[in-house]
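In listed order, ligands and their atoms are each counted from 1. What you see is a predicted model; the values in this text were computed from it and never measured.
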Amino acid sequence: MFHPKLFEGRNVIVTGAGRGIGLEVARQFLDCGARVVVHTGRSKDRDFPDFLFLAESERRAFLIAGDFAREDGTRQFVAAASEMFDRVDVLVNNAGTMLGRFPAGELTDEQYRSVVQLNQTSVVEVTRALLPLLKASGQAAIINTVSISALTGGSPGSAIYSASKAFVATYSKALARELAPNGIRVNCVSPGTIVTDFHERYSSKEKLEATRRSIPLQRLGTAEDCAPTYLFLAANNLSGYITGQVIEVNGGQLIC
Ligand SMILES: NC(=O)c1ccc[n+]([C@@H]2O[C@H](COP(=O)([O-])OP(=O)(O)OC[C@H]3O[C@@H](n4cnc5c(N)ncnc54)[C@H](OP(=O)(O)O)[C@@H]3O)[C@@H](O)[C@H]2O)c1
């Protein structure tokens, strides 16, 4: 694994870190010495693993909640996160989910707005609001979680979710060019089919087994498979010449 001092003295923000991929990303940053604002998702009053509370008691983790599917839901989160740090070295925009499977002809305005707000607009809002603190770093990295579905279109009922992830991938490439003069690198991690609560909600066992069989490495992914790519992209001494890229973490599910 990475050196335990790789992110010593670094200020990191990870959204959607109360469970799943984001939780493992936060854990690995903490293991490597970072101070981490852990956006716990919509609520702070859930059971979280002990390591988060331990790091919180040592003032290395700062747990902050916020509902990003609500209009303006990012504002309070960013205000609270900005209180913790005078500069941000790493921003991981990871909060997101499908919210449901919505057949194209039945999609309501409200469903459309919520999926776009959570997976697309919140990334723009959080990034925009934190730019002064990211610029203050001089060597910052932004890493956005997209999805294999941004390239493939995903499966039925996920059209708006998949398109919103494609938006974030393109937004990230544009920002990479725009923010390079500020010393900010911008990249994406694109997970394939990763076993988290996400698929508990949106995919049947049969669908997951069929997917597993189709993957060249013959297994579904885990949060532990994904997290090291975030740390690699965050570490200037490992990936300092990489910006504007999307790294696919999918066991070969998509090779193109
Ligand atoms: N698992 C996969 O196969 C897969 C594949 C491709 C991309 N992804 C992407 O990877 C990221 C992490 O997903 P995951 O698999 O780790 O899923 P997960 O276990 O469901 O975690 C999602 C995280 O996002 C947060 N979140 C969801 N809705 C929110 C809202 N309205 N406001 C604020 N936070 C909210 C969740 O908080 P709550 O506890 O409040 O819900 C949770 O912390 C997401 O962006 C997802 O789209 C996942």
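Separation of atoms CG (Leu175) and CZ (Arg185) is listed at 14.0 Å; rounding is to 0.5 Å. Residue Leu238 holds its CG atom at 6.0 Å from CZ of Phe2, rounded to the nearest 0.5 Å. From Leu220, atom CG reaches atom CG of Asn250 across 11.5 Å, with rounding to the nearest 0.5 Å. Once rounded to the nearest 0.5 Å, the distance linking NE2 of His39 with OG1 of Thr74 reads 9.5 Å. One finds the OG1 atom of Thr243 at 5.0 Å from the CG atom of Asn187 (value rounded to the nearest 0.5 Å). Between the CG atom of Asp31 and the CD atom of Glu24 there is a distance of 8.0 Å, given to the nearest 0.5 Å.
With 3.5 Å as the limit, one finds a donor-acceptor pair spanning the side chains of Thr145 and Tyr230.
Aromatic ring centres of Phe68 and Phe77 lie closer together than 6.0 Å.
Ligand-side atoms of ligand 1 in range of Arg46: 39 (O), range being under 4.0 angstrom from any heavy atom. Within the listing of ligand 1, atoms 31 (N) sit less than 4.0 angstrom from a heavy atom of Ala69. Counting the atoms of ligand 1 from 1 in the order shown, those under 4.0 Å from a heavy atom of His39 are 33 (C), 34 (N). For ligand 1, the atoms closer than 4.0 angstrom to any heavy atom of Arg201 are 20 (O). Counting atoms of ligand 1 from 1 in the listed order, those under 4.0 Å from a heavy atom of Gly66 are 32 (N), 33 (C). For ligand 1, the atoms lying closer than 4.0 Å to a non-hydrogen atom of Asp67 are 30 (C), 31 (N), 32 (N).
Side-chain contact between Ile21 and Phe198: absent, with no pair of heavy atoms (C-beta onward) separated by less than 4.5 Å. Looking at heavy atoms from C-beta onward, Gln139 lies in side-chain contact with Arg10 at the 4.5 angstrom threshold.
Within a 6.0 Å radius of CZ in Arg46, other residues, nucleotides and ligands contribute more than 12 heavy atoms. Summarising the local packing, CD of Gln111 is surrounded by more than 12 heavy atoms from other residues, nucleotides or ligands at distances under 6.0 Å. Other residues, nucleotides and ligands place no more than 12 heavy atoms under 6.0 Å from the CD atom of Glu71.
Distances from atom 19 (O) of ligand 1 to the heavy atoms of Ser162, Gly20, Gly18, Ser203 show the closest one on Gly20. For the residues Tyr202, Phe198, Tyr161, the heavy atom positioned nearest atom 47 (O) of ligand 1 is part of Tyr161. Here the shortest heavy-atom distance to atom 43 (O) of ligand 1, taken over Ala95, Gly16, Gly154, belongs to Gly16.
Here's the thing with Gly22: none of its N/O atoms is less than 3.5 angstrom from an N/O atom of ligand 1. Some N or O of His199 is nearer than 3.5 Å to an N or O of ligand 1, by distance alone. Backbone and side-chain nitrogen or oxygen atoms of Thr196 are examined, and one is located within less than 3.5 angstrom of a nitrogen or oxygen of ligand 1. For a threshold of 3.5 Å applied to N or O pairs, the pair formed by Thr145 and ligand 1 contains no separation below that value. Polar contact with ligand 1: absent for Thr193 (N/O pair, distance under 3.5 Å). By the 3.5 Å distance cut-off applied to N or O atoms, Thr40 is not counted among the residues near ligand 1. Below 3.5 Å of separation, one finds an N or O of Ile21 facing an N or O of ligand 1. Residue Ile194 places at least one N or O, backbone or side chain, under 3.5 Å from an N or O of ligand 1. Remark: ligand 1 and Gly41 share no N or O pair separated by less than 3.5 Å (distance only, no angle test). Taking distance alone, with nitrogen or oxygen atoms compared against 3.5 Å, Asn94 approaches ligand 1 more closely than that limit.
The closest protein non-hydrogen atom to atom 29 (C) of ligand 1 is Leu118 CD1, 3.7 Å. In terms of protein heavy-atom proximity, atom 32 (N) of ligand 1 is closest to Phe68 N, 2.8 Å. Distance from atom 36 (C) of ligand 1 to its nearest protein heavy atom, with residue and atom name: Arg19 NH2, 4.0 Å. The shortest contact between atom 26 (N) of ligand 1 and any protein heavy atom is with Gly96 N, 4.2 Å. Atom 27 (C) of ligand 1 has as its closest protein heavy atom Thr97 CG2, 4.0 Å.
Using a non-hydrogen distance threshold of 4.0 Å, Met98 does not register as a contact of ligand 1. Look at Arg70 and you'll find every heavy atom at least 4.0 Å from all atoms of ligand 1. Using a 4.0 angstrom heavy-atom cutoff, Gly192 counts as in contact with ligand 1. Val146 counts as a contact of ligand 1, since one of its heavy atoms falls under 4.0 Å from the ligand.
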Q. Given the rule in the salt bridge (charged side-chain N to carboxylate O under 4.0 Å, His left out) test, do Glu209 and Arg212 qualify, once you have shown the distances and angles that lead to the verdict?
A. CA-CA 5 Å; Glu209 175 55 16; Arg212 185 195 68 74; 2.9 Å; yes
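Between Tyr171 and Phe167, the ring-plane angle classifies as parallel under the 30° and 60° cut-offs.
The shortest heavy-atom contact between Val25 and Leu231 is O-CD1, 4.2 Å.
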